[in-house]
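First comes the structure, then the notes that go with it.
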Amino acid sequence: MSERPGPDRLSKPEIGKDAVQSTVEAAASTVGEVAGIITKAVQDVAGALGGFATELFEIKDASKKAAEEQGD
């Protein structure tokens with residue numbers, strides 16, 4: 001009676017190791033995605049605030065010029 005070749009059997013510790021490895025890889029990938037989303041959001045907020053500050057300076061300058069012209 002000969003043994004038929006079959007698939008390799010994995011030990012329980014190896015299965016556990018593979019499960020932990022897959023979990024860590026998935027968590028790392030998710031953390032990377034979230035970090036990218038947060039980075040982009042911070043960049044967008046900084047850009048919007050910078051644009052708002054520029055508009056405030058322009059409004060201030062326009063108001064100053066208008067006040068000076070009225071004073072003439």
Side-chain angles (χ1 to χ4, degrees):
M1 182 155 106
S2 66
E3 289 188 28
R4 293 190 315 223
D8 291 337
R9 297 272 183 196
L10 298 176
S11 66
K12 286 185 180 183
E14 190 171 2
I15 292 169
K17 186 259 332 162
D18 289 347
V20 169
Q21 180 180 348
S22 294
T23 301
V24 170
E25 289 172 356
S29 177
T30 300
V31 167
E33 287 181 48
V34 170
I37 290 167
I38 291 171
T39 299
K40 179 68 174 139
V42 169
Q43 288 174 335
D44 291 347
V45 169
L49 291 175
F52 180 63
T54 299
E55 288 183 38
L56 290 178
F57 286 123
E58 290 174 356
I59 292 168
K60 179 183 171 187
D61 288 344
S63 296
K64 187 176 177 182
K65 283 183 182 179
E68 289 172 357
E69 288 175 5
Q70 291 294 338
D72 286 342

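All of these numbers come straight from a predicted model, not from anything done at the bench. Numbering of residues begins at 1 and proceeds along the displayed sequence.
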Residues 12-19 side chain polar contacts: donor-acceptor under 3.5 Å, at least two apart:
unit_1, atom_1, unit_2, atom_2, d
K17, NZ, Q21, OE1, 3.4

Throw together a table of side-chain donor-acceptor distances under 3.5 angstrom for residues 33-40, partners on residues two or more places apart or in other chains.
unit_1, atom_1, unit_2, atom_2, d
T39, OG1, A35, O, 2.8
K40, NZ, D44, OD1, 3.0

Looking at OG1 of T54 and CD of E58, how far apart are the two atoms once the value is rounded to the nearest 0.5 Å?
6.5 Å
Please name all residues satisfying side chain to side chain donor-acceptor pair (under 3.5 Å) with E55, sequence neighbours left out, ordered by chain then number.
none
